[in-house]
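In what follows, a structure is listed as C-alpha cells, so that the remarks can point back to it.
Counting convention: from 1, in listed order, for ligands and their atoms alike.
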Amino acid sequence: MHKADIELVEMSMDVMKYAIDRLSSKKIKIGKPRKEEELKALVGETITEKGIGGEVAFNLWKKHLMKANVSIDHPRHLAFVPASPTRAAIMFDLVTSASSIHGAYWMEGAGGVFCENEAMRWIVSLTGLPKGAFGVFTSGGTAANLSAMVTARAHWRENDIYKDEKGLIITSVGAHSSIKAMAKVIDVDVFLVDTEDKLLGTELENAINSLTKQQRKRLFAVVGTGGTTNAGIIDDLGGIATICEKENLWFHVDAAYGGGALAADSVRHLFNGIEKADSITIDPHKWMFSPYDCGSVIYKNPELAKKAHSQEGSYLDIFKDEGADGFNPSDYQIQLTRRVRGLPLWFSLAMHGTNRYKQAVERGIELAQIAGKLIDESPHVELVREPSLSCVLYRRIGWTPEDYIHWTYKNHKKGFALVTPTKWKQGNVYETVSRFCFINPDTTKRDIEKILDSMH
Ligand SMILES: Cc1ncc(COP(=O)(O)O)c(C=O)c1O
C-alpha cells in the first residue's frame, strides 16, 4: 500500500487526468442524489478482504458515485450558500494533500502555516481590526463560531463572580442556525431578538433592558451577523458595538457568508463597526473561493483565545519549547490535528492578487442587482425585499409552498438548476418564497432569465 510502483504511477495519471478534466470542463453536470439502495445496487461490495483494485473503484466513482453529488460550483446552483473555488485553489488543494502536513504546530507545519498566515493577514486587514488582531483557519463557520464562543465565555469566567453561572448570549432570529447549535454544545442559553431584519443597536439595548437581574448577570456576549444566510442582511454592527462596549459584553460578528464582501468597495461601508468586534467568523469556502473546507476565526486579542484553547499534555510540551517556537494554530480554535486548509487560498491569492478577488466578489453583488431588475421587469414574479449582498428573495405570484417545492425538484431532476425555497416573515406570517444566492462569477444574466422563465 505504501510502495511507489507502476500501479501508483498509473493511478496518479488517472487521478490527474480526472482532476484536469473536472477543472477545465465547461459543461459540468449539476448532479443529483440517489437512494442508498440504488447506489448499492449499482456498485456492489466495494470493501472486501482482498480489495477490488484501484481501477475498478475509480471507475465506480466516475460512473455512478460522483454523479450522485451536487456540483456546488455549477453556475445555476444558486441555493443555500454555494461555492466557486478558483482553479488555482483546487489544484493547490491537491498539493496540500500530497504534502502530508500536520498543521497544528509550527514545529511540524512551519512552511504551510507561514502561507496560511500570509493569507490571514489579508483577511484581517479587510476587517479594520486594530494591530495585534489575528486569526486561524477552521473547518468552517460552525467551528469558528464555536471557537469564538468558547473564548468569550472563558474570558468572562476569568472573573470569579461568574465562575458558576450558566452563560447567556443575545443574538437575533436572523443569526445562523450554528449559533444556537453551538450554544447548546457549550450549554449556554440564547436570547433571540425577534427580528430577521437588520438587528439594530437600539433593539439590542431594549433586549438587555428586558432581562431580569439574574439573566443580566449571566449575559456575556452578543452575536451580530455580517450577512444573514437567508437574506444577506448586515446587522447594525456600529450600534451593536457601542452597546457591547457600554455593557462590557463580548461582541462576535458572524460574517461566515458575508465576510468576502469586506473586499468589495461598493458595500464595505455596510460593515462599519466590524472593526470593534472581539471576534469575527469569515468562511473562505463561501465567498473567498476556497475549496471545502475552509472557515476562519479572527480575534481582536488572540491571547484570550490561546488561554481558552491551548491544549496541555506532556507529549505536547516540545511544541511549546523555545527551539520549536512559532505560531501554533491549534492554540486558537477547537481542533488539535488540522489540515493546513488555508494553503489553497494562499496559493490562489498569491497567484491572482487581491484585486481579482475584489472583482469576483463584486460580480456576485452585481448578479443580485441584475436578478432584482429582471424580477422587477417580469410580471409573474416580484421582489420580497431589495437584494442584499448577493441574496435575492422573490415570490412567484400565485404559488403555494408546494408549487415552489415541485418546481425545485423539477429543475433539479432535469439537471437544469438548483434553486430552493425558503421562508420570509412578514408581520406574523411566514411566507414561502424563492431565493437566489450568487457566489459563482460564471453565472450569467441568461442563466437567471432562464430560471425565471421556468416559473411560468
Ligand atoms: C452566517 C453563517 N454562519 C455560519 C455558517 C456555518 O458555516 P459552516 O457550514 O461552514 O459550518 C453559515 C453557513 O451557511 C452561515 O451562512
Using a 4.0 Å cut-off to any heavy atom of [X], which atoms of ligand 1 qualify?
X      : value
Thr229 : 1 (C), 2 (C), 14 (O), 15 (C), 16 (O)
Tyr257 : 16 (O)
Ser178 : 4 (C)
His285 : 10 (O)

Open item on the list: Just to be sure I read this right, does ligand 1 sit under 4.0 Å from the backbone of Asn145, its side chain, both, or neither, counting only heavy atoms?
Closed with: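 Only the side chain of Asn145 comes within reach of ligand 1.
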
Task: Proximity to ligand 1 by part of Thr228, non-hydrogen separation under 4.0 Å - done: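 It is neither; nothing of Thr228 touches ligand 1.
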
Do [X] and [Y] have side-chain N/O donor and acceptor atoms under 3.5 Å apart?
X      : Y      : value
Ser290 : His285 : no
Asp403 : Thr400 : yes
Ser348 : Thr86  : yes
Ser139 : Asp293 : no
Asp447 : Thr444 : yes

Protein contact to [atom] [nearest heavy atom, distance to 0.1 Å]:
atom                    : result
atom 6 (C) of ligand 1  : His176 CE1, 3.3 Å
atom 7 (O) of ligand 1  : Lys286 NZ, 3.0 Å
atom 11 (O) of ligand 1 : Thr142 OG1, 2.6 Å
atom 3 (N) of ligand 1  : Asp254 OD2, 2.6 Å

- [ ] Give yes if a backbone or side-chain nitrogen or oxygen of Ala143 is under 3.5 Å from a nitrogen or oxygen of ligand 1, and no if not.
- [x]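 No, there is no polar N/O contact under 3.5 Å.
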
Task: Lys166, Lys184, Arg153 screened by salt bridge (charged side-chain N to carboxylate O under 4.0 Å, His left out) with Asp189, the one that passes - done: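 Looking at Lys166, Lys184, Arg153, the match for Asp189 under the salt bridge (charged side-chain N to carboxylate O under 4.0 Å, His left out) is Lys166.
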
- [ ] May I ask you to decide whether Asp197 forms a salt bridge with Arg385, counting only side-chain N to carboxylate O separations under 4.0 Å?
- [x]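 Salt bridge present between Asp197 and Arg385.
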
Task: Whether over 12 other heavy atoms sit under 6.0 Å from Lys62 NZ - done: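 For Lys62, atom NZ is crowded (more than 12 foreign heavy atoms under 6.0 Å).
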
